[in-house]
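Predicted model only: the values in this text are computed from it and were never measured. Note that these values count all heavy atoms, side chains included, but never hydrogens, waters or copies made by symmetry. One-based numbering, in listed order, for ligands and for the atoms of each.
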Amino acid sequence: MKTQKIALITGGSKGIGKAIALELAKEQYTVWLNYLTDHNGAKETQNIIEQNGGSCKLLPFDVSNLGECQQSLSHLLEEETPFALINNAGFSRDGILAMMSEEDWTKVINVHLNGFYNLTATVLPFMLRKRRGRIVNISSTSGETGVGGQVNYSAAKAGLIGATRSLAVEVAKRNILVNAVAPGFIDTEMTKNLPKEQILPSIPLGRFGTPEEVAQVVAFLCSEKNSYLTGQVLSVNGGIYT
Ligand code: NAD
């Protein structure tokens, strides 16, 4: 019988998701790694994990598509249940609301918020049966405070915080802990075109964070060391006041 814990991480081909996958693999998790189309990035994450003696299964699908989520996961879930689900996949389509197309609004909501539903509703019934588990939703500073040009993204990320708090209440009796992590400015592809010099003065620690700094907080939330923290938002943002 397999006893190794499994972590299912969405959007794990690069950036924060990749760092979470590598950190959890270090903690002896078997990794189920979802991504959209970045096969090379996902393969590289898998290679690093396997070269270090770990195990990583690649699961390419679009988190905003419930049918794809179910099709990719249902046969695996009949055999094994992830202990940890990390809803991380995301992207942004910034622009002021007055000029925002319906497509940019809907796509961002679909990936972040419906993606949370699609993954969590698929995996949760199995976690409930096991009476144990950890769910971590990657929100954002944008979900905690107002950021012009990100109404769609802020709405999705704030929605994730509400979903985190309510789901934590629903599943606490089954020993499933649900938390959110809200990164500030983290050095990834998503932030590479931002005007860094203009942003740095607003960050008390004076620098962008690294994906690894977010991953370590996620790993703590998923660990047995976290036994009494649920329904919370941990802001990993270098001190930006939210
Ligand atoms: P990234 O662009 O480096 O990586 C995004 C990952 O999500 C990739 O693996 C991509 O394949 C995957 N993805 C995108 N759309 C998907 C879909 N529909 N289905 C499946 N996978 C999909 O981004 P990142 O900076 O690492 O961001 C990761 C998460 O952290 C996102 O939810 C983002 O909103 C959040 N976040 C990032 C920052 C930051 O400063 N980088 C700050 C706050 C929150």
Side-chain angles (χ1 to χ4, degrees), residues 8-23 31-46 56 58-73 85-94 104 106-119 122 136-145 147 150 152-161 163-164 180-196 199-200 202-203 205 207-215 217-218 233-238 240 242:
L8 168 55
I9 300 142
T10 67
S13 66
K14 58 185 173 180
I16 294 170
K18 175 181 182 179
I20 293 169
L22 298 183
E23 188 66 30
V31 171
W32 290 2
L33 193 86
N34 157 262
Y35 61 100
L36 187 58
T37 51
D38 178 16
H39 300 291
N40 290 343
K43 195 82 196 129
E44 188 189 299
T45 309
Q46 182 185 46
C56 176
L58 299 186
L59 300 170
F61 61 83
D62 182 348
V63 297
S64 68
N65 183 319
L66 179 61
E68 281 189 31
C69 292
Q70 290 172 335
Q71 200 181 4
S72 293
L73 291 171
L85 166 62
I86 319 299
N87 288 304
N88 165 80
F91 78 121
S92 55
R93 283 285 176 280
D94 294 352
D104 283 352
T106 308
K107 273 199 164 168
V108 168
I109 300 290
N110 275 349
V111 171
H112 293 273
L113 205 47
N114 295 345
F116 156 81
Y117 169 80
N118 294 340
L119 264 292
T122 301
V136 179
N137 300 315
I138 306 301
S139 179
S140 169
T141 302
S142 293
E144 299 179 287
T145 188
V147 178
Q150 291 204 311
N152 50 356
Y153 185 78
S154 294
K157 292 304 201 184
L160 266 184
I161 290 175
T164 298
V181 169
F185 291 100
I186 307 299
D187 262 321
T188 69
E189 219 166 286
M190 190 180 266
T191 54
K192 74 174 186 217
N193 294 323
L194 294 179
K196 210 168 182 174
I199 293 168
L200 287 180
S202 70
I203 306 173
L205 283 180
R207 62 177 177 84
F208 278 25
T210 66
E212 291 72 26
E213 287 172 315
V214 179
V217 174
V218 173
V233 184
L234 298 191
S235 303
V236 185
N237 62 18
I240 292 176
T242 54

Point to revise | Where ligand 1 meets N88 - atom numbers and elements under 4.0 angstrom, heavy-atom basis | key: 28 (C), 29 (C), 30 (O), 31 (C), 32 (O)
Study note, to complete from the structure: For F61, the atoms of ligand 1 under 4.0 Å from one of its heavy atoms are 19 (N), 20 (C)
Review point. Among G17, G11, S92, which residue places a heavy atom closest to atom 12 (C) of ligand 1?
Key: G11
Exercise for review: Return yes when F91 approaches ligand 1 closer than 4.0 angstrom through a heavy atom, no otherwise.
Suggested key: no
**Study point:** Nearest non-hydrogen protein atom, atom 30 (O) of ligand 1
**Key:** I138 CG2, 3.4 Å
Check your understanding: ligand 1 and Y153, any nitrogen or oxygen pair closer than 3.5 angstrom?
Key -> yes
Check your understanding: Is a donor on one side and an acceptor on the other found under 3.5 Å between the side chain of E68 and the backbone of D62?
Key -> yes
Check your understanding: Hey, does the side chain of K14 reach the backbone of T45 with a donor-acceptor pair shorter than 3.5 angstrom?
Key -> no
Review point. So, the side chain of N34 versus the backbone of L59: is there a donor-acceptor pair under 3.5 Å, distance only?
Key: yes
Check your understanding: Are more than 12 heavy atoms from other residues, nucleotides or ligands located less than 6.0 Å from atom CD of Q71?
Key -> no
Exercise for review: Considering non-hydrogen atoms only, spot the tightest contact between I186 and P211 and give its length.
Suggested key: CG2-N, 3.5 Å
Practice item. Answer yes if the side chains of N114 and N118 hold a donor-acceptor pair under 3.5 Å, and no otherwise. Key: no
Exercise for review: Say whether G184 and ligand 1 are in contact under the criterion: heavy-atom distance to a ligand atom below 4.0 Å.
Suggested key: yes
Practice item. Kindly confirm or rule out an N or O of M190 lying under 3.5 angstrom from an N or O of ligand 1. Key: no
Revision key, fill the gap. of all protein heavy atoms, closest to atom 2 (O) of ligand 1 is K14 CE, 3.7 Å
Exercise for review: Taking N137 for its side chain and N87 for its backbone only, find out whether a donor-acceptor pair lies under 3.5 Å.
Suggested key: no
Check your understanding: Of the backbone atoms (N, CA, C, O) and the side-chain heavy atoms from C-beta on, which set of D62 has a member under 4.0 Å from an atom of ligand 1: side chain, backbone, both, or neither?
Key -> both
Review point. Side chain of S139, backbone of V181: donor and acceptor closer than 3.5 Å?
Key: no
Check your understanding: What class does the angle between the rings of Y153 and H112 fall in, given that below 30° is parallel, 30 to 60° is tilted and above 60° is perpendicular?
Key -> perpendicular
Point to revise | Per-residue contact class, N34 against ligand 1 - non-hydrogen pairs under 4.0 Å | key: side chain
Point to revise | Contact summary for G17 and I9, nearest pair of heavy atoms | key: O-CG2, 3.8 Å
Exercise for review: Give the contacting part of T191 toward ligand 1: side chain, backbone, both or neither, where contact means a heavy-atom distance below 4.0 Å.
Suggested key: side chain
Practice item. Flag K157 as yes when one of its N or O atoms lies below 3.5 Å from any N or O atom of ligand 1, and as no otherwise. Key: yes
Review point. Can you find an N/O atom of I16 closer than 3.5 Å to an N/O atom of ligand 1?
Key: yes
Revision key, fill the gap. re atom 40 (O) of ligand 1, the protein heavy-atom contact at minimum distance is I186 N, 2.8 Å
Revision key, fill the gap. In ligand 1, the atoms that come under 4.0 Å of a heavy atom of G15 are 3 (O), 26 (O)
Study note, to complete from the structure: Near V111 (heavy-atom distance under 4.0 Å), the atoms of ligand 1 are 18 (N)
Check your understanding: If we only count heavy atoms from C-beta on, is the L200 to F208 side-chain gap below 4.5 Å?
Key -> yes
Point to revise | Sidechain-backbone polar pair: T191 side chain, L194 backbone, donor-acceptor under 3.5 Å | key: no
Point to revise | Short side-chain to backbone donor-acceptor contact, S13 and G41, under 3.5 Å | key: no
Exercise for review: Measure from the side-chain N and O atoms of S92 to the backbone N and O of D94, and report whether any donor-acceptor pair falls under 3.5 Å.
Suggested key: no
Review point. What protein heavy atom is closest to atom 41 (N) of ligand 1, reported as residue, atom name and distance in Å?
Key: T188 OG1, 3.0 Å
Practice item. Tell me which protein heavy atom sits closest to atom 5 (C) of ligand 1, plus the residue, atom name and distance to 0.1 Å. Key: G90 O, 3.6 Å
Revision key, fill the gap. among protein heavy atoms, the one nearest atom 19 (N) of ligand 1 is V63 N, 3.0 Å
**Study point:** T141 side chain to P183 backbone, donor-acceptor under 3.5 Å
**Key:** yes
Review point. Side chain, backbone, both or neither: which part of S139 comes within less than 4.0 Å of ligand 1 when only heavy atoms are counted?
Key: backbone
Practice item. Please write down residue, atom name and distance for the protein heavy atom closest to atom 11 (O) of ligand 1. Key: L36 N, 3.3 Å
Check your understanding: Is there a nitrogen or oxygen of F185 sitting under 3.5 Å from a nitrogen or oxygen of ligand 1?
Key -> no
Revision key, fill the gap. Within 4.0 Å of some non-hydrogen atom of G12, the atoms of ligand 1 are 9 (O)
Point to revise | Sub-4.0 Å heavy-atom approach of K18 to ligand 1 | key: no
Point to revise | Those atoms of ligand 1 less than 4.0 Å from some heavy atom in S13 | key: 8 (C), 9 (O), 11 (O)
Check your understanding: In ligand 1, which numbered atoms sit nearer than 4.0 Å to a non-hydrogen atom of P183?
Key -> 42 (C), 43 (C), 44 (C)
Check your understanding: Is the side chain of N88 donor-acceptor paired with the backbone N or O of I16 at a distance under 3.5 Å, no angle test?
Key -> no
